[in-house]
Amino acid sequence: MATQIDVLAALQELDQGLSRKEQLLQDLRQHVTAIGSEMAKTEQEAEAQSQKLQELEAQHRESEGRLKLEEDKIKEKRVRLNRIRNEREMLAAQREIELMREEKGKLEEGTLLLLEQMEQENEGLSQSRTRLNELQVQHRQEVERTDSQITGLEAESRRQREERTGLIGALDPTLQSRYERIFAKCGGLAVVQIQQGACQGCHMRLPPQLCNQIQSSQLQQSEKIYYCPHCTRIIYWPQAAGEEHQA
Ligand SMILES: [Zn+2]
C-alpha cells in the first residue's frame with residue numbers, strides 16, 4: 001500500500017517530466033517559427049533582386065532605343081551629306097556627324113555597362129533562387145521532423161496527465177494543494193529526501209531529533225507529513241518511499 005509520501009514522490013516525478021516537456025515543446029514551436037521567418041527573409045531578398053533586374057532591363061531597353069535613334073539620325077545625315085555641294089555646308093555636316101558618332105559611342109558604352117550590371121544582377125538572382133530552393137527543401141524536412149517531435153511529446157504529455165489524474169485521486173486534497181504551492185514556489189522541487197541529516201532541497205542541516213522522528217514515523221507507515229523548517233519543502237526518509245524513488 002503506497003503512503004501519501006510515495007504518491008507525492010511519484011507525482012513530483014511526473015510533474016517534473018511534464019514541465020521539461022512543456023519547455024521542450026515551447027522551444028520546438030519557436031524553432032518552427034524561426035524557420036518560417038528565415039524563409040520569408042530569403043524570399044524578400046530574391047524579390048528585391050528580381051525587381052532590380054527588371055529595372056535594369058527597362059533601362060537597357062530604353063538605352064537601346066536611344067542608340068537606335070542616334071544610328072538612324074547618323075544614317076539620315078549621311079544621305080543628306082551626299083546631296084551637299086557647298087564645301088562649307090559639307091564641313092559643318094561632317095562635324096555634325098562626328099558629334100553624333102561621339103554621342104553614339106557614349107550611348108553604346110552606357111548600354112554595355114547596363115548589360116554587365118544585368119548579368120551581375122542575374123547571377124545574384126539565380127544564386128538566391130538556388131539557395132531559396134535548398135532552404136525550402138531543408139526547411140520542409142526540418143518542419144516535418146519538428147512537427148513529429150511535437151506530436152510525440154504532446155501524446156506523451158497527454159498520457160502522463162492521465163496518469164497524474166490517477167495519482168491525484170489517491171492524494172489528500174489539502175496535501176495536494178500544499179504540494180502544488182511548494183512546487184510552484186520552490187522551482188519545481190517540492191518533495192525531497194533527507195540525506196546525511198540534511199534537506200536535499202536547501203541542503204541545510206535538520207535537527208537530529210526531527211530526523212529520528214521522521215524515520216520512525218515512516219517505519220510505522222504513518223501518513224504524517226513533515227516539512228523542512230528552513231525551506232518548507234516536504235521532506236522524507238529515503239528508505240520509506242517506494243523503491244523506484246530512491247536516490
Ligand atoms: Zn530545506
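In each ligand, atom 1 is the first atom listed, and ligand 1 is the first ligand listed. Since we're looking at a predicted model, the values are computed, not measured.
F183 is linked by a ring pair (Phe, Tyr, Trp, His ring centres under 6.0 Å) to Y179, counting only residues two or more places apart in sequence or in another chain. Scanning for side chain to side chain contact (heavy atoms under 4.5 Å, CB included) contacts around R233 gives I182, C186, L189, V192, C202, C231, with sequence neighbours left out. By the side chain to side chain donor-acceptor pair (under 3.5 Å) test, Q23 pairs with D27, sequence neighbours left out.
Salt bridge E142/R145: present, at least one basic N to carboxylate O contact under 4.0 Å.
Donor-acceptor pairing under 3.5 Å is recorded for the side chains of T3 and D6.
Tally of protein N, O or S atoms closer to the Zn ion (ligand 1) than 2.8 Å: 4.
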Worksheet item: Should R131 and Q127 be marked as a side chain to side chain contact (heavy atoms under 4.5 Å, CB included) after you check the CA-CA gap, both sets of side-chain angles, and the distance that decides it?
Response: CA-CA 6 Å; R131 206 181 56 173; Q127 277 170 2; over 6 Å; no
